[in-house]
Amino acid sequence: MEENQATNPFPAIEKKWQKRWEENKVFKVKLDESRPKYYALEMFPYPSGYLHMGHVRNYSIGDAYARYKRMSGFNVLYPMGYDAFGLPAENAAIKNKANPKEWTLKNIEGQKKQQKLLGLSYDWSREIRTCLPDYYRWNQWIFIKMFEKGLAYRKKGLINWCPDCQTVLANEQVEDGKCWRCKSQVEQKPLEQWYLKIKSYAEELLSELDNLDNWPERVKIMQRNWIGKSHGTTIDFKIVNEDGSDTGKTISTFTTRPDTAFGITYLVLAVEHPLVTELTKGTDYEKSIKDFVSEVKKKSIIERTAEGKEKTGVFLGKYFINPINGRKCPLWAADYALMDYGTGAVMAVPTHDQRDFEFAKKYNLPLIVVISPDSYELNPDKMARAYIEEGTLVNSGKFNGMNNVEAMEEISKFLEEKRFGKKTTTYKLRDWLISRQRYWGTPIPMIYCDNCGIVPEKEENLPVLLPEDVEFTGEGNPIETSLKFRHVICPICERDARRETDTMDTFFDSSWYFFRYCDPENKKEMIDKKLADYWMPVDQYIGGIEHAILHLLYSRFFTKVMRDMKLTNVSEPFARLLCQGMVCKDGAKMSKSLGNVVDPGSIIENYGADTARLFMLFAALPEKELEWSDQGVQGAFRFINRVFRLVENTEVISLNELSEKAEATLENKDRSLIGKTHKTIKKVSAFIDEFAFSLAIGAIMEFVNDIYKYREGKINEQVYGYAIKNLALLLCPFTPHLSEEMWERIGMNKNHKQFISTASWPEYDETKIDEAAEAAEKLIEDVRRDITHIIELTKKSPEKITMFISDDWKFEFFAMLKEKMKETYDVKTLISEFMKSDMKKYGTEISKSIPQFIKNPAKLPAIVLSEKIEFEALTDNKENLEKLFGCKIEIIKASQSKEAKAKQATPGKPAILIS
RNA sequence: GCGGAGGUGCCGGAGUGGCCAAACGGGAUAGGCUCAAGACCUAUUAGCUUAGUGCUUACGCAGGUUCGAUCCCUGCCCUCCGCACCA
């Protein structure tokens, strides 16, 4: 759209307003108890250096809503910041010898510039950059607090290791066995790492999901699945030797099916289970088991968990006693038991569990049926699959004959009474591994002292600054190359000690940044409690679905931790959540790898930010996928121009209020426009409330069409001014620059300080919505169009016009037509008479005009008039009509289609005919 | 496999028993205006047909309920998303 640039006034207009907003600090907010607060927030971006369409969409949605709320009288906190720590900066350092800090800060500047070009109404004075010590010192501070409370701890365990990123990953960051960022295969390694005890909040994180009424259902479901609560029973088994002699060891298993306890025929341990080596040490089985274990461990997670993969296992040479029936069964190790779920051991009931069934068949382990279907009998030798439906207990001692659902409760009660086990709840959620062996992150403020052990840094020594004297070789953690950093004095015994060189997961940074926006410059505290309690929770949070688990779960966890530390009173950080859909082009997600990206910069440059924003909001509802369309962008641009033309010349505008007296004398078309103004305000407000921006914009477009129609006739300055003023207000959330410009041009911004951005959102008056006037207007409009059409057609084929009659027109209207025809035979005069007349008195029920007046213009023209009543009148005036249109007129009766239709559909039976 | 969301015309999307060939907006096509483009105005935008009317086929597919279904019920298919050897 090269030609746009020469004539497109918007880039200049946008720049002008952006500058004025900034100079006048229009969007700066502070605590104000007199107004209700509203906290609108978009997920802060990672500063990769450029904005993509997904960002633009995210911000367009957020800004529209923030502006709407601001105009509606709320004290709106709407901030922006940067999630500035992370691997890309470090990778750039390795690749290009760039300094991660400079690289990041430069990218932030670039991104910020683009955000400013969009005209987003952020309070920039609250900007946050997580890579700056002012911010990350509070990461360190709260980490120490967590350590003191036992919520942060160090543990050795099998961890996920990404060989490409050269660091460990949290479970949440492993997708499909691959690294969430670089997609390389994740390995398992035993390492000692820092963890946060998110698991101790599992129950609350789960149960409070039910109160998040304004979160998308699917996000809640994903979190529920991730937390993965299941109720069951732990059963303890004595481990015995082949001859039945006690080994002195026991093993517990977790099951959700205690009703099947009599059907246990073997038990499997995860290969990582400590008992596996313990029990086999020095036995004949030692070597074969070691081989098996190392074989399994060699396999990747993918291989081990692949669908339909055959399960493998090995007998441990030991047995156990099922306490419920005293049965001695073999103990196995198998790859299908997972160390990190339940107890790392599975009690196997092959008849009633598909996995156990397959395993038992393969290794020839016995099968005992304990649940019988009601209609037939199960034969363990002939079963092709496990029976997992409901049934009646058999082979289960005193529980025989009981329904299995009932038996779950009864058997676990029995086990508990006999102290063979107890009811247990488990969660799939595991503690959050937060240490990373990377440079560009918050240093973990811990010290290793040979004397005192693991000691936190003293609070007054915070922040522990990231060292600058490091080398980026691509091997190992760069921080370790800084000797100055590593060496430290123990805060307790003051001897030489070693500083932790791991840094924090960047998700740590983003788990509480929304608190910091409330009080970004506080040097003394993480956040002032009063400010936190004023602004929090975030009333509306907007971001991509990709964070449904990771960031959104961590943030909820942090908020609860902070509440328990009395830093805030809120329990849930985000009251309402919106996950916007993807931006697609040619049917696929816009992505660099597919090469179907459209650069927001070029759109802003060629059309302006308002066009980009309007298109984004108009093209699809926020949650839905948005298909990019160049025509759509042009459509948005055309619309903006169309609106702009309304104010290019403003001499017909008056901003004075209409007096009651003046209002009483208004014509129909004026009343109609006032009514439409109120109606549009009502519609747009309701649509924005439910985030139906595309529909809100559609309603505004309709309104603009009406204004244009209104302009064709005589204009009442006040009525027109009222419409334009409200149009500007309604558009402000979507096209703020255009609105400001309109506001100024119509004289609402007297001293360059009365911004529309802070003006009040218009209110509508239901009583002003004048449907009757509107309908009358529409009718006149239709008649006018029809008559114009007739004139055109008579020019073409003047020999004959046929008039048709239908019941759509009211008698009064026809009478008027008749009346007018007595006076004049001039079509133009007739039309203008129509235009001037007060149609309201001709009835409020005039609702429909002549539909599809003439379908084929090449054929004879026709005018459709009301049947019955008017028929006579019309024949009366046949001559006049002929004179009027200057041609022959023929009158034919129209058929009663509706009634006929209803009758047709009602052979014999009564139909309800609504008309 | 389990769980969730959804399938309406070129697109975005309304509609939740008759007023629905389907609101509203966008786009497209044609005509007008214009030297021309843009803008603007008007009409058309499932098919056939008519002077208007009408008819046929239509709201994922197949049945059912009903005088009548896009809307209610049943079954099926498809798409998208999440989880996935979770004991």
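Just so it is clear: chains get the letters A, B, ... in the order the sequence lines come, proteins before strands, and each one is counted from 1.
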A.B. asks: Which label fits A:W332 and A:Y363: parallel for a plane angle under 30°, tilted from 30 to 60°, or perpendicular past 60°?
C.D. replies: tilted

A.B. asks: Return the pairing partner of B:G38 with a 3.5 Å limit on both distances, Watson-Crick or G-U wobble; otherwise return none.
C.D. replies: none

A.B. asks: B:G26 P sits how many Å from A:I700 CD1, rounded?
C.D. replies: 13 Å

A.B. asks: Starting from the 5' end of RNA chain B, give me the residue, A:D353 or A:Y708, whose nearest nucleotide shows up first.
C.D. replies: A:Y708

A.B. asks: Between A:R642 and B:C41, is there a contact of a side-chain N or O with OP1 or OP2 at under 4.0 Å?
C.D. replies: yes

A.B. asks: Searching all strands shown, indicate the nucleotide that pairs with B:G6 (Watson-Crick or G-U wobble; both distances under 3.5 Å).
C.D. replies: B:C78

A.B. asks: Measure from the side-chain N and O atoms of A:S252 to the backbone N and O of A:T234, and report whether any donor-acceptor pair falls under 3.5 Å.
C.D. replies: no

A.B. asks: Using atom CD1 of A:I388 as one end and atom C1' of B:A87 as the other, report the distance to the nearest whole Å.
C.D. replies: 13 Å

A.B. asks: Can you tell me how far P in B:U8 sits from the matching atom in B:C61, rounded to whole Å?
C.D. replies: 10 Å

A.B. asks: Whole angstrom is fine here: how far is it from CZ in A:F639 over to P in B:C40?
C.D. replies: 11 Å

A.B. asks: Residues two or more places apart in sequence or in another chain: which of them pass salt bridge (Lys or Arg N to Asp or Glu O under 4.0 Å) with A:D706?
C.D. replies: A:K676

A.B. asks: Students often get this wrong, so: under 4.0 angstrom with heavy atoms, is A:D356 touching a base, only sugar-phosphate, or nothing?
C.D. replies: nothing

A.B. asks: Could you please name the option among B:A87, B:A28, B:G82 that lies closest to any side-chain atom of A:M222?
C.D. replies: B:G82

A.B. asks: Determine the interatomic distance between P on B:G25 and the same-named atom on B:C40; round to the nearest Å.
C.D. replies: 15 Å

A.B. asks: For the P atoms, the ones on B:G52 and on B:U57, what distance do you get once it is rounded to whole angstrom?
C.D. replies: 23 Å

A.B. asks: So which atom in A:K428 and which in A:W226 form the shortest heavy-atom distance, rounded to 0.1 Å?
C.D. replies: CB-O, 3.8 Å

A.B. asks: Could you pull out all residues at least two apart from A:Y427 that satisfy ring pair (Phe, Tyr, Trp, His ring centres under 6.0 Å)?
C.D. replies: none

A.B. asks: Between A:F693 (CZ) and B:G25 (C1'), how many Å, whole number?
C.D. replies: 17 Å

A.B. asks: Check the distance between B:G26's C1' and A:M616's CE and give it to me in whole angstrom.
C.D. replies: 16 Å

A.B. asks: Nearest whole Å is fine: how far is B:A87 P from A:H273 NE2?
C.D. replies: 17 Å

A.B. asks: Could you work out the separation of B:G47 and B:A84 based on their C1' atoms and round it to a whole Å?
C.D. replies: 49 Å

A.B. asks: Identify the nucleotide, in any strand shown, that forms a Watson-Crick or G-U wobble pair with B:C83, with both distances under 3.5 Å; if there is none, say none.
C.D. replies: B:G1

A.B. asks: Quick one: what's the B/S/- string for nucleotides 3-12 of chain B, heavy-atom cutoff under 4.0 Å, read 5' to 3'?
C.D. replies: SS-------S

A.B. asks: Mind checking the P distance from B:U66 to B:C48? Whole angstroms is fine.
C.D. replies: 37 Å

A.B. asks: A:R638: which residues meet the side chain to side chain donor-acceptor pair (under 3.5 Å) condition with it, sequence neighbours left out?
C.D. replies: none

A.B. asks: According to salt bridge (Lys or Arg N to Asp or Glu O under 4.0 Å), who are the partners of A:K423, at least two apart in sequence or on a separate chain?
C.D. replies: A:E409

A.B. asks: Checking base pairs now: Watson-Crick or wobble, both atom distances under 3.5 Å. What partners B:U16?
C.D. replies: none

A.B. asks: Answer yes or no: are there more than 12 heavy-atom neighbours, outside A:K362 itself, under 6.0 Å from its atom NZ?
C.D. replies: yes

A.B. asks: Quick check: on RNA chain B, is the nucleotide nearest A:A345 upstream (toward 5') of the one nearest A:W226, or the reverse? Name the residue that is more 5'.
C.D. replies: A:W226

A.B. asks: For B:G13 and B:G6, measure between their C1' atoms and round to the nearest Å.
C.D. replies: 14 Å

A.B. asks: Describe the nucleic acid contact of A:A699 in one word from base, sugar-phosphate, nothing, applying a heavy-atom distance below 4.0 Å.
C.D. replies: nothing

A.B. asks: Report all side-chain donor-acceptor pairs from residues 345-354 of chain A shorter than 3.5 Å, counting only partners two or more places apart or in another chain.
C.D. replies:
unit_1: A:T351; atom_1: OG1; unit_2: A:I368; atom_2: O; d: 2.7
unit_1: A:H352; atom_1: ND1; unit_2: A:Y387; atom_2: O; d: 2.8
unit_1: A:H352; atom_1: NE2; unit_2: A:V370; atom_2: N; d: 3.1
unit_1: A:H352; atom_1: NE2; unit_2: A:I371; atom_2: N; d: 3.1
unit_1: A:D353; atom_1: OD1; unit_2: A:R355; atom_2: N; d: 2.9
unit_1: A:D353; atom_1: OD1; unit_2: A:D356; atom_2: N; d: 3.1
unit_1: A:D353; atom_1: OD2; unit_2: A:R355; atom_2: NH2; d: 3.4
unit_1: A:Q354; atom_1: OE1; unit_2: A:A386; atom_2: N; d: 3.0
unit_1: A:Q354; atom_1: NE2; unit_2: A:E358; atom_2: OE2; d: 3.2

A.B. asks: Considering Watson-Crick and G-U wobble pairs with both distances under 3.5 Å, what does B:A58 pair with?
C.D. replies: none

A.B. asks: Please measure how far the P atom in B:A30 lies from the corresponding atom in B:G38, and state the result in whole Å.
C.D. replies: 12 Å

A.B. asks: Counting only Watson-Crick or G-U wobble pairs whose two distances fall under 3.5 Å, which nucleotide matches B:U44?
C.D. replies: B:A28

A.B. asks: Which value, in whole Å, describes the distance between the P atoms of nucleotides B:G7 and B:U53?
C.D. replies: 33 Å

A.B. asks: Measure from CD1 on A:I545 to P on B:C80 and round the result to the nearest Å.
C.D. replies: 16 Å

A.B. asks: Is there a ring-ring contact (aromatic ring centres under 6.0 Å, His included) between A:Y607 and A:F615? Walk through the geometry before answering.
C.D. replies: CA-CA 11 Å; A:Y607 294 96; A:F615 165 69; 9.7 Å; no

A.B. asks: So if I take every side-chain heavy atom of A:M701 and compare against B:A39, B:A87, B:G26, which nucleotide ends up nearest?
C.D. replies: B:G26

A.B. asks: Round to the nearest Å and state the distance from A:K709 atom NZ to B:C24 atom P.
C.D. replies: 10 Å

A.B. asks: Can you tell me the base-pairing partner of B:A51? Count Watson-Crick or G-U wobble geometry only, both distances below 3.5 Å, and say none if there is no partner.
C.D. replies: none

A.B. asks: Within the 4.0 Å heavy-atom criterion, would you say A:G635 contacts the bases, only the backbone, or no part of the nucleic acid?
C.D. replies: sugar-phosphate

A.B. asks: Between A:R645 and B:C40, does any side-chain N or O lie under 4.0 Å from OP1 or OP2?
C.D. replies: yes

